[in-house]
Structures are given as structure tokens and as C-alpha cells.
Amino acid sequence: RPGCPENLKIPYLVSLYFFLIGGTAVCWRRYGPRWVTWGRPSDWLGGFALGLGFLLVQRGLLALLGWWTPPQPFPWSLLGKALLTSPLLALAEEWTFRGYFYGALREEWGRWRAAIAVNLFFSLVHLFRPGELLFKLALGWGLFLVGCLLTLALERRGRLLLPMGIHCAWVVAVIVDPPPGNTVPGLWSGLQGESAAGILSWLLLG
């Protein structure tokens, strides 16, 4: 929440995600889907490269059109923090939402209903934060689409490390190059507050 001491945020997040991983592990032993596998390290690397490739295309187009400029100087300290925290976050969320919840519900409800239900839940969980309603609507819709893409990645191979790699790359980008604090929240607000950048990002995500 606003005003929370910075030195408490990291321990809180680490404990939260370890609790999420542990709880999911207990449930998976009894009810876990058998069609979902971890995969190989190459699946994670491929997913990370895929997620990074999407970001490079997005940022490259925005830079060519003059709607985005790289952060100057480059925040190397934030990159180190991102590379340390993003794997844990991606592991916890993908194992819980796409691996356990989607994997189990897919066997009962089928792919489409399970994907819609789980990714709606995934987006709603992220909205318990301060912000205007319009901001939350845009964030929720974007997270729902992101969740659907990660579900599709899992469906393609049945290997959880693939969507984990994609998720990890996107978390790194959010930490290293976050939207500016003075951006007016809206459905179309993109990087650095440019509406056209937001529209292009929605198109790329679609």
C-alpha cells in the first residue's frame, strides 16, 4: 500500500509467494493435473526469448514512431533486482494459476471455460491495489489477455516452464522500465503517457 516502508516490501512479497508455492504444492499432490509437466530448461529459455522478443518489437516500433525513449541512464541496479525477483514471481503465479487451477479445471470444464475463469481470477487478484476505476479496468483487461496468452503457451507444449519464461521476461520489463508516476490512467495510456503508444500495445497484445 502507499507509504509502506521499502525495506518491508521485498520480505512481504517473498513470504507471500513462498506461501503460494507451498500451498499449491500441497494441493497438487492430491488434485494436481497429470497432463502438465515441468518441461526442460530449454523451454524456460525459449519462453524468456519469446517474451523478450515481443518486448523488443513493441519498444522498437514505439521508438521508431517517437512514442518511447529508453530510460537514461540505464537502471542497472533495477535490472539486478528484476533478475532476482522475477523468477520467483513467475514460478509462483504460473504454477498456481496456469499449472494448478487451469490444469485441474480444464479436465472438468474444458479448455475455453477453464481459461476464461482462471484468467479472470488471475486479473482480479491483481486489482487489490490503490488506483482509479478506469485504471483498474484497463489493467484487469490487459492482465486477462496476458493470462490467455500464457495459457495458450502452456497448451502448445503442456510444459509449465514455457509460460514461466515468458512471464519472467515481462516482469523484468515492468521493473526496469515502469510507466511514469505522472501518467494519467486510462484505457489507452501507453508507455510515457502516449495514447497512440497504448493503442499500438493493445494491438500487439491482441
Side-chain angles (χ1 to χ4, degrees), residues 1 4-52 80-131 136 139-175:
R1 66 181 181 86
C4 177
E6 189 67 31
N7 62 336
L8 294 180
K9 289 182 180 179
I10 297 301
Y12 166 75
L13 288 174
V14 170
S15 60
L16 173 65
Y17 282 112
F18 270 115
F19 175 79
L20 198 61
I21 292 170
T24 304
V26 171
C27 295
W28 199 304
R29 289 179 182 177
R30 296 190 62 182
Y31 311 109
R34 299 187 182 278
W35 67 276
V36 177
T37 64
W38 276 106
R40 297 168 292 189
S42 59
D43 294 311
W44 188 93
L45 291 172
F48 191 86
L50 192 62
L52 193 60
K81 174 185 174 182
L83 292 175
L84 286 173
T85 58
S86 60
L88 174 63
L89 191 151
L91 166 65
E93 294 194 351
E94 291 311 305
W95 196 28
T96 301
F97 290 101
R98 252 67 60 182
Y100 178 69
F101 286 138
Y102 172 74
L105 286 178
R106 175 183 179 270
E107 297 175 350
E108 299 292 332
W109 294 1
R111 295 178 181 178
W112 286 105
R113 286 198 295 170
I116 291 172
V118 169
N119 290 313
L120 276 176
F121 180 49
F122 171 72
S123 62
L124 288 173
V125 165
H126 287 78
L127 299 186
F128 290 96
R129 63 181 70 192
K136 291 188 177 184
L139 178 63
W141 175 239
L143 288 169
F144 175 77
L145 292 178
V146 165
C148 289
L149 284 175
L150 294 170
T151 302
L152 179 62
L154 175 63
E155 279 286 351
R156 294 286 290 181
R157 297 284 182 88
R159 299 171 183 172
L160 203 50
L161 285 176
L162 180 61
M164 278 185 190
I166 300 173
H167 195 147
C168 191
W170 288 350
V171 172
V172 168
V174 170
I175 295 175

Working for side-chain contact (heavy atoms from CB on, under 4.5 Å), residues I116 and F121: CA-CA 9 Å; I116 291 172; F121 180 49; over 6 Å; no

More than 12 heavy atoms of other groups within 6.0 Å of W28 CH2: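 Yes, CH2 of W28 has more than 12 neighbouring heavy atoms, counting only those of other groups under 6.0 Å.
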
W112 atom CH2: more than 12 heavy-atom contacts under 6.0 Å: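 Not more than 12 within 6.0 Å, no.
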
Over all atoms of both residues, closest heavy-atom pair of W109 and A117: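 Between these two residues, the closest heavy atoms are CZ3-CB, 3.6 Å.
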
Heavy-atom closest contact (P87 atom, A82 atom, distance):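 Between these two residues, the closest heavy atoms are CD-O, 4.1 Å.
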
For residues 150-165, tabulate all N or O donor-acceptor pairs below 3.5 Å that involve a side-chain atom, not counting sequence neighbours.
residue : atom : partner : partner atom : Å
T151    : OG1  : N119    : ND2          : 3.1
T151    : OG1  : G147    : O            : 2.8
E155    : OE1  : R106    : NH2          : 3.4
E155    : OE2  : Y102    : OH           : 2.4
E155    : OE2  : R106    : NE           : 2.5
R159    : NH1  : D43     : OD1          : 3.2

Chi angles and distances behind the side-chain contact (heavy atoms from CB on, under 4.5 Å) call for L120, F144: CA-CA 6 Å; L120 276 176; F144 175 77; 3.9 Å; yes

Report the distance from atom [atom1] of [X] to atom [atom2] of [Y], rounding to the nearest 0.5 Å.
X	Y	atom1	atom2	value
S86	K81	OG	NZ	11.5 Å
L139	L127	CG	CG	5.5 Å
L83	C168	CG	SG	7.5 Å
L89	H167	CG	NE2	5.0 Å

Plane angle bin for H126 and F122 - parallel if under 30°, tilted between 30 and 60°, otherwise perpendicular: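 Perpendicular, since the angle between the ring planes exceeds 60°.
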
Side chains of W95 and F101 in contact at under 4.5 Å (non-hydrogen atoms):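 No, side chains not in contact.
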
Contacts of T96 that satisfy side-chain hydrogen bond (donor to acceptor under 3.5 Å, both in side chains) - sequence neighbours left out: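 Here the qualifying residues are T24.
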
Salt bridge (Lys or Arg N to Asp or Glu O under 4.0 Å) partners of E93, counting only residues at least two apart: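 None.
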
Residue pair C27, Y100: steps toward the side-chain contact (heavy atoms from CB on, under 4.5 Å) verdict: CA-CA 8 Å; C27 295; Y100 178 69; 3.6 Å; yes

